[in-house]
Amino acid sequence: MTPFRTFLAASLIAATCASAQAAEVTIKMLNNGPAGMMVFDPPFVKIAPGDSVKFVATDKGHNVETIKNMAPEGTAPVKGALGKDETVTFEKEGVYGFKCSPHYIMGMVALVAVGANLENLEKAKGLDQNKMAKQRFEPLWAKAEAK
């Protein structure tokens, strides 16, 4: 085998192993759930870089959207379509805040913590939120801070 083919084979094996280790977590968008009305379930997940979250529109009329300035610097915002599932792969460590646009006023928010380096956590906690979103984020901040 030529050196190039050896390199190519090794690269393919490494890529296959890396993708085999990545996980996908599901968060449902619900009208009614364990935490009340208009919720993400679960509202908090901790994942590793390279993992994905599938936001499932179990009840139609929901979407998932990044909360402005509540994601690590340089990451692309997410804006899913109403009533459609959205899968997001997270490469950069930090906390990511999400909302359902039509139900944000009712506190429909979720928090995804990626990896161990949550250096944007304090900035995210300091953002102005509506009353319901602020109440629902409080226990999620504590979960993100727990080691």
| Any donor-acceptor N/O pair, Lys125 side chain to Phe137 backbone, under 3.5 Å |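 Judged by distance alone, no pair lies under 3.5 Å.
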| Side chain Asp85, main chain Lys54, donor-acceptor under 3.5 Å |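 Absent.
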For the residue pair [X] and [Y], what are the closest heavy atoms and their distance?
X	Y	value
Gly94	Pro72	CA-CG, 3.8 Å
Glu145	Glu122	OE2-OE2, 3.8 Å
Gly61	Cys100	O-SG, 4.4 Å
Val114	Ala48	CG1-C, 4.0 Å
Pro102	Leu82	CG-CD1, 3.6 Å
Ala22	Gly50	CB-O, 3.5 Å

Report yes or no: do [X] and [Y] belong to one cluster of Ile/Leu/Val/Met/Phe/Trp/Tyr joined by side chain heavy-atom distances under 4.5 Å?
X	Y	answer
Leu118	Val88	no
Met29	Ile47	yes
Val64	Val25	yes
Trp141	Met132	no
Leu121	Phe90	no

Does a sphere of radius 6.0 Å around [atom1] in [X] hold more than 12 heavy atoms from other residues, nucleotides or ligands, not counting ones at 6.0 Å or beyond?
X	atom1	value
Leu127	CG	yes
Glu24	CD	yes
Glu138	CD	yes
Lys60	NZ	yes

| query | For the residue pair Phe98 and Phe40, is the inter-centroid distance of their aromatic rings smaller than 6.0 Å? | reply |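 No, the ring centres sit 6.0 Å or more apart.
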| said: For Tyr96, run the side chain to side chain contact (heavy atoms under 4.5 Å, CB included) check against Leu111, Thr75, Val45 and tell me which one passes. | reply: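 Looking at Leu111, Thr75, Val45, the match for Tyr96 under the side chain to side chain contact (heavy atoms under 4.5 Å, CB included) is Thr75.
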| message | Can you list, by chain and residue number, the hydrophobic cluster partners of Leu30 when the side-chain cut-off is 4.5 Å? | response |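 In the cluster with Leu30 are Val39.
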Pairwise distance [atom1]([X]) to [atom2]([Y]) - rounded to 0.5 angstrom:
X	Y	atom1	atom2	value
Asn120	Glu93	CG	CD	10.5 Å
Asp59	Met38	CG	CE	8.0 Å
Glu73	Glu119	CD	CD	9.5 Å
Met108	His103	CE	NE2	7.0 Å
Asp51	Glu91	CG	CD	9.0 Å
Asn63	Lys84	CG	NZ	12.5 Å

Please enumerate all residues that pass side-chain hydrogen bond (donor to acceptor under 3.5 Å, both in side chains) together with [X], with sequence neighbours excluded.
X	result
Glu86	none
Thr87	none
Ser52	Thr89
Lys28	none

| message | According to ring-ring contact (aromatic ring centres under 6.0 Å, His included), who are the partners of Tyr104, at least two apart in sequence or on a separate chain? | response |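 With sequence neighbours excluded, Tyr104 shows a ring-ring contact (aromatic ring centres under 6.0 Å, His included) to no residue whatsoever.
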